[in-house]
Protein chains: 2
Amino acid sequence: MDTRTRLASLLERLRDNGHRLTPQRVAIVRALIEHDGHPTVEQLHQSILPDFPTTSLATVYKTIALLKEDGEVLELGFGELGSRYDGRHPKPHPHLICTRCGAIADYTLQGLDELVARMAAETGFAVDSHRFDMFGLCPACRGAAPTPPTDGQAARHTEHRPD
Amino acid sequence: MDTRTRLASLLERLRDNGHRLTPQRVAIVRALIEHDGHPTVEQLHQSILPDFPTTSLATVYKTIALLKEDGEVLELGFGELGSRYDGRHPKPHPHLICTRCGAIADYTLQGLDELVARMAAETGFAVDSHRFDMFGLCPACRGAAPTPPTDGQAARHTEHRPD
DNA sequence: TTCCGTGCAAAGAGTTTGCATCTGT
DNA sequence: ACAGATGCAAACTCTTTGCACGGAA
């Protein structure tokens, strides 16, 4: 599904659920869908500020909350590191998170649902969602300086959340 | 490994790393190891209060931080729901979390390490840890009232974190 | 016109930190 | 004795909430 279709789908969903399509809301949803990656609330806020300079973080949070209610956005909370959102693929799936540059890659694991179902069956739990994250260094950061002390040579590629 | 051995092992580790074995610290580590489940900081704090009434939450956090540095405790952060700690099995492993009563069950998944290694190899990430959690209803909560409105009959078994 | 949404600021929760006072080693 | 630990309170971050004004339907 292309981003245009997905965007229309989300807006329609909001409208059908009795929510108003304010310009800010549309902009937030658009930013969420068009952002290639797993944006933070802060990043979404920043992307719409040029068009809507008075938009508050609270509004972004509220809009995302609406989408979460409908299961149209996947929230990846990382404790103190804040949360990332995926409005393109809201179904749970594995992620690879770079602990150095913050990049997050999606992974499609065949048979994961069956695996989860098997564990559920064995334990007697009625599982309805899951979370599978792996932490380490992304390909780019593996090649970069091991643990940059204070040098400014390694072209520290700026992916998301550089910390 | 029984809890007694594990406790001695952790205390030794702390001592070897140049940390002092204060009574509070020993009590916190003991509480962590002896707690059958995945205690919260609050729970650890409560368990040692009878013996050390002046102990502060900060001290509990600091002690856990030491163990985390040594990789001797597994931290399960749940965003707004706070964190749970596992001092018995610090190696990453799957968990089944009951969203109703808060119970957390461990699961030993054969071949998980190989699976993670395969995903790492395919994506080029250098994975050094992971997190695999499943959310749903535990066996006890499945049988209980679907979504207790206001009745007081269902013997709502008190596991951890009743929410 | 009527609610719902916005945006500001204040509140909240969990965790961390600063600092003076103790204490293990 | 001295470096390190404790414990209190303040600080911090991310997120939620209260409320008056503004705007979608």
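It should be emphasised that the depicted structure is a prediction, and the values quoted were computed from it without experimental measurement. To find a chain, count down the sequence lines: A is the first, B the second, and so on, and within it residues start at 1.
Of the listed nucleotides (D:dT15, C:dC4, C:dT6), C:dT6 has the atom at the smallest distance from the side chain of A:T22.
Applying the 4.0 Å criterion to OP1 and OP2 of D:dA5, one finds that B:H19 has a side-chain N or O inside that range. In this model, the phosphate group of D:dT15 is approached by a side-chain N or O of A:S83 to a distance below 4.0 Å at OP1 or OP2. For the OP1/OP2 pair of D:dG7 and a distance below 4.0 Å, the side-chain nitrogens and oxygens of B:Q24 include at least one atom meeting the criterion. Checking the phosphate oxygens (OP1, OP2) of D:dC8, no side-chain nitrogen or oxygen of B:S56 falls inside 4.0 Å. Distances shown here put a side-chain N or O of A:Y61 below 4.0 Å from the OP1 or OP2 atom of D:dT15.
For A:K62 against C:dG7, a side-chain N or O and a base N or O form a donor-acceptor pair under 3.5 Å. Looking at B:R20, its side chain comes within 3.5 Å of the base of D:dG4 through a donor and an acceptor atom. At a cut-off of 3.5 angstrom, counting only N and O atoms as typed in the model, there is no donor on one side facing an acceptor on the other between the side-chain of B:R25 and the base of D:dA5.
Rounded to an integer number of Å, the gap from B:L81 CG to C:dT15 P is 11 Å. In this structure, CD1 of A:I64 is placed 16 Å from C1' of C:dG5, rounded to the nearest angstrom. Rounded to whole Å, the distance from CZ on B:F52 to C1' on D:dC8 is 19 Å. One interatomic measurement links the two molecules: NE2 of A:H45 to P of D:dT15, which rounds to 13 Å at whole-angstrom precision. In this structure, A:R15 atom CZ and C:dC4 atom C1' are separated by 16 Å, rounded to whole Å. Counting to the nearest Å, the P atom of C:dT6 and the CD1 atom of A:I48 are 9 Å from each other.
Ion pair A:R30/A:D51 not flagged as a salt bridge, since none of the NZ, NE, NH1 or NH2 atoms sits closer than 4.0 Å to an Asp/Glu carboxylate oxygen.
Judged by a 6.0 Å distance limit and a 45° cone about the ring axis, B:R131 is positioned over the six-membered ring of B:F78.
Side-chain atoms of B:H93 and B:D106 include a donor-acceptor pair closer than 3.5 Å.
DNA chain C is contacted by both B:V41 and A:T54; A:T54 maps to the nucleotide lying nearer its 5′ end (nearest heavy atom per residue).
With values rounded to the nearest 0.5 angstrom, A:F132 atom CZ is found 7.0 Å from A:L109 atom CG.
The backbone N or O of B:E75 lies less than 3.5 Å from no partner atom in the side chain of B:H38, so there is not a single donor-acceptor pair.
A:L21 comes within 4.0 angstrom of sugar-phosphate atoms only, judged by non-hydrogen atoms across all strands, and of no base.
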